[in-house]
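A short worksheet on the structure shown next.
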Amino acid sequence: MIATEPDLLARDAGLLWHPYAPLDAGASYAVTEARGTRLVLEDARGERREVFDGMSSWWSAVHGYRNPVLDAAARGQLERFSHVMFGGLTHRPAIELAERLVAIAPEGLRHVFLADSGSISVEVALKLALQYQDSKGRSGRHRFAALRGGYHGDTFATMGICDPVDGMHAAFAPLATTQVFLPKPPAARRTEQGGWEQSESAMQQWEQETRRLIAAHASQLAGIVCEPVLQGAGGMRIYAPAALRILRGLANEYDLVLIADEIATGFGRTGELFAVQYAGIEPDIMCVGKALTGGYLTLAAMLCTTRITSALASGRGGTGAALLHGPTFMGNPLACAVACASLDLLTGAPGTDSPGQEPWRTQVAALESGLRSALAPATQLDRITDVRVLGGVGAIELDGPVNVTALTQAAVDRGLWVRPFRNLAYVMPPYTSTPSDIAALGRSLIGALEQIHG
Ligand SMILES: *Cc1c(COP(=O)(O)O)cnc(C)c1O
């Protein structure tokens, strides 16, 4: 038993910033232990309770905490070396990770840039798209088309392609003025039979407006950026794969670089290994992060096709053949080693407990059916306007803003950790959750919603 440290929360407030919070807001709980799908939280009175983690630490901890396979991978690499520079040097963990990523990524994505966070991988993708256009003699193409409702990160260039109103960066609105915003693709839902339900007329209208905007700005555009099928932090919106096929067609027509931001959706979360696979399309560039290391370490990757790299290699652009990026912790061996182990667990690589079985498929399918029944009763509540599930993601939408502090506490009192935002209570549980975990999650979340917003 670890000694209680009730003063941790007091020491935090005013000292540490937390995401999107005032400095003195501090935190409500300190984590003292994390194991499997459970977190142990300590409140300001020093009281502890074990809760089920409904958030997978923001999409990342898909195999749960203290996973023995991931722990062993980290320990094994720690005993060799934790980090070396990547300039002029290479190592087995980076090579093996890139080989694994290329093997599972949509066809054509053959080259890998390892970045230290999701936002940075998107920055690198944007840079590469600019360099691609430059190498084709089109240096005037320096803008990007992005979907309204999108979220792509917190760094400067990525802020500019987030939704200019709801993308969490409205305070920096001028950044978005250089970009071209396409309308939000119409909301859709995936049926239990695997089809897609959406309004055909809304889709036609969306396509018309999107075509018009791309055509009007094509001479200035370098690429199109999207979160395939599920827009996450911009509002947990689900749209039909048909919209992606339209974007792919437009990118081909105008020689734009199609960038799929799969940082949240990648590695099975939506029910396909990568959400673009719902549409059967191949992006020119794909970014992954979040679940890449199973939530252990910060790592992201940008993958691209040979069409893009060979344009740069021609050396015709003013920016030259080199991709102009190289962070200090590029290809961190510790993170790469854990990422390899995480991908092996997902894909059932030889040597794991389930060789050749693609465990993620069964796990996410079970999450989807579990969440569909566990969250369904929420539709009975007066203030709930929508309940949607896709793969291992469930979102409950309210008719107004959630009381984040009160709802979080009401959920913790019922043994569940969630972090609602805006008018949404949403969950993306670890893939290792059991059916009874998911049933309990539904009861806890709906009970908390009834108590606070009933
Ligand atoms: C989280 C996220 C990012 C940013 O990743 P960080 O690792 O937080 O920088 C970018 N795009 C999408 C779709 C995300 O969900």
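For ligands, and for the atoms within them, numbers begin at 1 and follow the listed sequence.
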Discussion item. Below a 4.0 angstrom heavy-atom separation, can you tell me which part of Trp58, side chain or backbone, both or neither, approaches ligand 1?
Written reply: neither
Worksheet item: Is it true that Tyr426 and Phe421 have ring centroids separated by less than 6.0 Å?
Response: yes
Item to complete: Tell me yes or no: between the side chains of Glu262 and Thr265, is some donor less than 3.5 Å from an acceptor?
Response: yes
Worksheet item: Out of Glu227, Lys290, Glu262, who gets a non-hydrogen atom closest to atom 15 (O) of ligand 1?
Response: Lys290
Practice prompt. Check each heavy atom of His152 against ligand 1 and say whether those closer than 4.0 Å belong to the side chain, the backbone, both or neither.
Written response: backbone
Discussion item. Between Asp399 and Arg383, does any NZ, NE, NH1 or NH2 come within less than 4.0 Å of an OD or OE carboxylate oxygen?
Written reply: yes
Worksheet item: Has ligand 1 got any nitrogen or oxygen that is less than 3.5 angstrom from a nitrogen or oxygen of Ser119?
Response: yes
Worksheet item: Any idea which protein heavy atom is nearest atom 11 (N) of ligand 1, and the distance to it?
Response: Asp261 OD2, 2.7 Å
Fill in: Arg138 bridged to Asp255 by N-O distance under 4.0 Å
yes
Discussion item. What I want to find out is whether Asp71 reaches Arg66 closely enough, with some N-O distance under 4.0 Å, to be called a salt bridge.
Written reply: yes
Discussion item. Checking a contact table here: which protein heavy atom is nearest atom 7 (O) of ligand 1, and how many Å away?
Written reply: Gly118 N, 2.8 Å
Worksheet item: Near Ser117, which atoms of ligand 1 are under 4.0 Å from a heavy atom of that residue?
Response: 7 (O), 9 (O)
Practice prompt. Look at Arg189 together with Asp386 and state whether they make a salt bridge at an N to O cut-off of under 4.0 Å.
Written response: yes
